[in-house]
Structures are given as C-alpha cells and as structure tokens.
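Both counts, for ligands and for their atoms, begin at 1 and track the order of listing.
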Amino acid sequence: MTPAIRLEHLTKAFDGRRVLDDVTLDVSPGSAFCLLGRSGTGKSVTLRHIVGLVMPDEGRVLVDGEDIGALRPWQLARVRKRMGFLFQNAALFDSMTVGENVAFPLRRHTTLSETDIQARVMAKLDAVGLARDAHKMPSELSGGMRKRVGLARAMALDPAILLVDEPGAGLDPITTREIDDLLVAQKAAGVTLVVVTHNIPSARVIADDMALLHEGRVVARGSVAEMDASADPLVQAFMRSEAGG
Ligand SMILES: Nc1ncnc2c1ncn2[C@@H]1O[C@H](COP(=O)(O)OP(=O)(O)O)[C@@H](O)[C@H]1O
Ligand SMILES: [Mg+2]
C-alpha cells in the first residue's frame, strides 16, 4: 500500500548547521504515527517539510505517493488541502471569534454557501465540545479550549491527514488526555495522524508506530511494543520517562 506520507533521505541545514540528517520515515494510511524526541532535535522542522512550508536540501517528501517538491504551486495547494495542521500554540486569529476561526479555511478554499459554512462550523465545534463557544474571542479561552478550536479549524476541510505539533504543550495532564482522546477519535474516523510529542503517556494512547529523533537522525522506530523492547539506552530513557525528555 502507498504510504500516506513518506520521507526519503531528508537532509536540511539552517545557516550551515545540519538539523535533519538522512531522515527516512513512512506513515501508513489511517494509522497514527508519533514522532518523539527532545527539544531542538528537528521534530517541528520535519512536520513543516510534510506540508511543504520548508523544502529539503536533499531527499524527498511524498504525500500519497506524490513528490511534493516536483509540484507546481497550484498542485501543492491541492495537496495541502488534504492536510490539517494544528500548530503548537494553536495559532488562532486573535481578532476573529471562535466560529470565524473555524470558518476561515471554508471561506478560503470552498464555495460553500453561508448556511452550509455555519452548519459545518457548528458540527466541527460540536465534535470538540465547544458548540456553545462559537461567539467567544480566543482571548476568552483556556489553553485547552484554544487547542480544541485549533483542532476544529484543522479539521474544517475534512483532511485525510492531520499533523499535530505537541498537542499537550502548556496543558495540564487531564486536559492533555482530553485532547489525546479527540485525536484518537479522528483516527477512528479514518484520519491519518502524525503527532509530534515528547509526552510518552500521550504517545502510548495515540500511536500505532513511533520514531525517536535524536540530533536530526532517526535512531529508532517501530510499534509501541517494539520501542518498549528496544535495548537502546536512548530509547529506554525515553519510553520509561513519565513526562518525556
Ligand atoms: N527557519 C529556521 N531557521 C533557522 N533555524 C531553524 C529554523 N527552523 C528550525 N531551526 C532550528 O532547527 C533546530 C530544530 O528545530 P525544531 O524542529 O523546531 O525542534 P523541535 O524538535 O524542538 O521541534 C533548532 O535548533 C532550531 O533553532
Ligand atoms: Mg517543535
């Protein structure tokens, strides 16, 4: 089966410093993949390559078998519409209501009528438990609520692939668990998940497969059980940590 995402020998340097070094990874359609690693090891840069926000110095990014580096801008835009991205800080538009934040991609990328947009917005907010908060401004929300709005917005176009950068960052363990459960629900609905985290309890809840990134290289990858069974001290240190590195 063609992987939903394939990274092939990705290498990337910024200012002469190599951040990704020969990274090769596959994510199967409909599976959940967790990318683990300490801060500064290149996890966010890897996610940004997948959506074409960053282009590799060497290597290729394939989405559903298509090399996105070979696409014209309009073709890349079409591929990007199949992907939802939840940024670490949720990246909400602070001058728009919750409802308008979720409506934004629908207004930009579809020709849906206003009635249909409102219906879709309410359905997405309902799915994340915020059906009654559409009129609120982002500044009125807790960190967990902001993440939920970000998730509703990332899902607005019903993407086949959802990329999430550190879903639990800045959240308490209970709220983190609620966000994790929402991600698991997306997977159950058939969405392919790529989640960056250094939170091992979260990764255990979400992941089918994992990879550990260390200094820009993939040092281990496999199922949760395979990672648990690894003899590599680096993998062991990670898998046994409660909050992660
Ligand atoms: N656009 C950029 N320009 C220069 N350096 C960058 C850029 N993006 C990321 N980096 C550097 O690449 C390294 C990896 O960053 P990142 O992928 O954000 O790490 P993390 O694993 O914490 O998500 C860091 O040292 C970061 O400073
Ligand atoms: Mg990061």
Side chain to side chain contact (heavy atoms under 4.5 Å, CB included) evaluation trace for Leu76 with Arg80: CA-CA 6 Å; Leu76 180 59; Arg80 271 192 188 156; 4.2 Å; yes
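Within the model, atoms CD1 of Ile200 and CZ of Arg240 stand 12.5 Å from one another, a figure rounded to the nearest 0.5 Å. With values rounded to the nearest 0.5 angstrom, Met55 atom CE is found 13.5 Å from Arg60 atom CZ.
When each of Asp67, Asp64, Asp26 is paired with Arg6, the salt bridge (charged side-chain N to carboxylate O under 4.0 Å, His left out) condition holds for Asp26 and for no other.
In summary, no N, O or S atom of Ser39 is located under 2.8 Å from the Mg ion (ligand 2).
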Quick one: ligand 1 N/O to protein N/O pairs below 3.5 Å?
{"residue": "ligand 1", "atom": "17 (O)", "partner": "Lys43", "partner atom": "N", "Å": "3.4"}
{"residue": "ligand 1", "atom": "17 (O)", "partner": "Ser44", "partner atom": "N", "Å": "3.2"}
{"residue": "ligand 1", "atom": "17 (O)", "partner": "Val45", "partner atom": "N", "Å": "2.9"}
{"residue": "ligand 1", "atom": "19 (O)", "partner": "Gly42", "partner atom": "N", "Å": "3.4"}
{"residue": "ligand 1", "atom": "21 (O)", "partner": "Thr41", "partner atom": "N", "Å": "3.2"}
{"residue": "ligand 1", "atom": "21 (O)", "partner": "Gly42", "partner atom": "N", "Å": "3.1"}
{"residue": "ligand 1", "atom": "21 (O)", "partner": "Lys43", "partner atom": "N", "Å": "2.9"}
{"residue": "ligand 1", "atom": "21 (O)", "partner": "Lys43", "partner atom": "NZ", "Å": "2.9"}
{"residue": "ligand 1", "atom": "22 (O)", "partner": "Gly40", "partner atom": "N", "Å": "2.7"}
{"residue": "ligand 1", "atom": "23 (O)", "partner": "Ser44", "partner atom": "N", "Å": "2.9"}
{"residue": "ligand 1", "atom": "23 (O)", "partner": "Ser44", "partner atom": "OG", "Å": "2.8"}
{"residue": "ligand 1", "atom": "25 (O)", "partner": "Arg17", "partner atom": "NH2", "Å": "2.5"}

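Checking side-chain atoms of Lys81 against main-chain N and O of Pro159 turns up no donor-acceptor pair under 3.5 Å.
Leu62 is not connected to Val54 by any chain of hydrophobic side-chain contacts under 4.5 Å among Ile, Leu, Val, Met, Phe, Trp and Tyr, and they are in different clusters.
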